[in-house]
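These numbers were taken from a predicted model, which means no experiment stands behind them. Chain letters run A, B, ... following the sequence lines, proteins first, then strands; residues in each count from 1.
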Amino acid sequence: MMRFPKFQSITRLLIRKIVWLAMLGALLVAAINAYTVFLQSEDHLFDTMTTIGAVYVPQLATSVWDIEPANVAATINGMVENNDNIGYVQLDLLSGYQFVAGQLSDVGRLPAKTFTLYEPGTTEHVIGSLKVYPNAKAFYQHLAFNLATSLLGYVLLTFLICQLVRWVLRQHLQKPLKEIAQFAQTLDAERLLTPLRLSNRENITPNEIDLVVAGFDTLQTELSRHINHLDQMVAERTTQLEAALASIQQLYITDPLTGCYNRHYLNNQLELIFASQAQQPISLIFCDIDFFKRINDTFGHKAGDEVLNRCGQILREGLRTDSDWVARFGGEEFLVVLPKTPLPEALQVAERLRLSIAALSFDFRQQAYSITASFGVAQQLDAENATQLCERADQLLYRAKHNGRNQVCSD
Amino acid sequence: MRCRLQLLLGLYFILLSIASAAAATVAFINPGKHNELYWSTASSAMQDAAKQLGFSLEISYAQRDPLRAIEIARLIAARPAQNQPDYIIFSNDHGTGPEILKILAKTRSKTFLAFSTMATPQEREQTQGPRQKYPNWIGSLVPDAEQAGYLSAKQLLTAARQAQLYGPDRRLQVIAIAGDRSTPSSVLRNQGLQRAIAESPDAVLKQMVYAKWQQEKAAEQSRWLFARYPEARLVWSGSDMMAFGAMQSWEQAGGQVGKTAVFSAINTSPAAMAAIQNGRLSALAGGHHMNGAFALVMIYDYSHGLDFARESIELEAPMFGLISPQMAAKYQKKYGFHDFSQINFKAYSKYENPKNQKYVFTLASWLR
């Protein structure tokens, strides 16, 4: 709810709209009612006057006929005094006498009702006429009172109905909606799968509210299924990606022809090993295949590649531990790195590798041939870096070559 | 001063008690006004009769107010028993009779109805007859009021025939000004008029109105009536005053009383007597003002042990008679000053005259 600067509950909105519309309707109905009441009141007024006339006329006729002017005067005074509806009465007799009662100013513009007076017992012998004027002031006062009470009644009824509607809306709309809204508001990743349960829904036939709740339920179930599926897929893809990455890594640091590490890996690792005290002492073996150019020239590049491949395999398989490794330095030159190895052990390794390579046999078009390799072995001296050690090992390899090849040289 | 007043009052009561020991006391609740001619004449006749018959008569006037008549009865009933009169004479004017009877039933007095008696079925049912529901109600005497209306109407028609006052329809058109609708003597007079009209095929009663015995009201109503019935030439009235009111209107309208229209009345006032003599009235009936005096005669017999019940406890006696101009002259000469002492009331008593079988209270018996 605090998400909006101006918030209005839907129940409140509905109630306000209903109240306004109902009040408008009540006023409209009251206005129509007022109009009909006005028409009816007029009719009723003239009916009443007819009734009053019917009561007084025979009495007046008798008094006139019996020549009782005092009675006549008293009767028409009584008509005005005892009947609020009558404002003015005028009795004109054929004999020329006239009797009046009431105030002509009370009559307003309402028309008079005229009665004819006959001799008692006859219906032909006219003796006079009676004009009865309604009392406009009393009429309009009475009308206003009637209209006011009826309007008040309508307004009260409407107010009562609105209160009932308000109560019903609160009970059946506001409360569940509020619960739904609160639920939706507090729905975060952790509570995403908490089910929505509304209070006091036991005795209610399901309606749209329950459809919304059911919709939430469906949505949550689907969401949960979807999330599970995604997790699974991510794991699968991660594994695949890791495999691919490992493969790329392997390709990146390996020489494809010999299966040994490449010069790039060598450069990186050599620095790391030399920087680590734990790897001391480090020994290097430089190895170079003897007369490789002649093999290439004699038996072709394919034979040369096979020689390189088999030599690389011998070098990799002839190492002692996992910590020893071999890289192709370039051309037919290999560098074997032996961490935590003193020179005598390195010489033994080199010697064993020389014998293994010399024991290899190749054939080219049923013609057998073998090869040899020369080795330069050096142990790291104090304060000697990788380049300097390599340089020194290379110098020793050169000495081995110079001394007749197929041998291991060291200081 | 105060002492002297108390002394005088004491003396008065002593004298009163001596008088009551000597003579029976009678009270009369007069429904009329004390200055009203008819009712004061009736009182005068009663006083003369009481004097002759040895009664002490006390008269109270209700001033034509029915509530006042009832109030007078209440005052009498509230007196200590020894101060209540032996006899009370009252009238049923305006239907006050049953209530007065009920009030006086608690007294030691004997009650007697005169002038008007219980006439309507409701009144009869309420009071029953004398000496029944109210045992102290000993009887009644009323004049033949119907006869008064009848006689005056008959004479009026005769006069109109002589004067040829027929309307265009060749009939004698009569309008009637009656007293009221409730007093029995009034109702009976009206019935008498109607009987006379019914007997005369050449006469028609156009309308009867009620002027409450008042001259002014009769004048107003007759003014309307003359306009309403321009061909009517006969005016019957229940009393002399109402007849005079009608005459007044007729003259105002340009008519000549006794010539272009004829008038009748009931009563024996000096004005009525004068009018019958000078021809303004064409018919006059009277004699009923003697009712109270004759009632005293019946009470006199009763008090002497001769109960009038032997003839009737509710007597309707012919008291009314037509008064000719000659009789009117004689009346004014004999009784013009309301002095009825010339009449020997004891002559009407059965106690004094054992030979008399019936009471004869006719006009002719005292106006000859």
Task: Option in A/Val64, A/Ile127, A/Ile67 with maximal non-hydrogen atom pairs under 4.5 Å from chain B - done: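 So the answer, after comparing A/Val64, A/Ile127, A/Ile67, is A/Ile67.
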Is any side-chain heavy atom of [Y] closer than 4.5 Å to one of [X]?
X        : Y        : result
B/Val257 : B/Gln248 : no
A/Leu156 : A/Leu160 : no
B/Asn92  : B/Thr117 : no
A/Val72  : A/Leu93  : no

Task: Selection residues 142-151 of chain B - residue pairs positive for salt bridge (Lys or Arg N to Asp or Glu O under 4.0 Å), sequence neighbours left out - done: B/Glu146-B/Arg195
Task: Verdict with supporting geometry, B/Val235 and B/Trp250, side-chain contact (heavy atoms from CB on, under 4.5 Å) - done: CA-CA 10 Å; B/Val235 180; B/Trp250 184 248; over 6 Å; no
- [ ] Might you confirm whether atom CD1 of A/Ile10 has over 12 heavy atoms from other residues, nucleotides or ligands at distances under 6.0 Å?
- [x] no
Pull every donor-acceptor pair under 3.5 angstrom between chain B and chain A and give the atom names with distances.
from, atom 1, to, atom 2, distance (Å)
B/Arg181, NH2, A/Asp66, OD2, 2.6
B/Gln207, NE2, A/Trp65, O, 2.3
B/Lys217, NZ, A/Glu68, OE1, 2.2
B/Gln221, NE2, A/Asp66, O, 3.3
B/Gln221, NE2, A/Ile67, O, 2.4
B/Trp224, NE1, A/Tyr97, OH, 3.4
B/Arg228, NH1, A/Trp65, O, 2.6
B/Arg228, NH2, A/Val64, O, 2.8

Task: Contact class of A/Leu94 relative to chain B, heavy atoms under 4.5 angstrom - done: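 The answer is neither part of A/Leu94.
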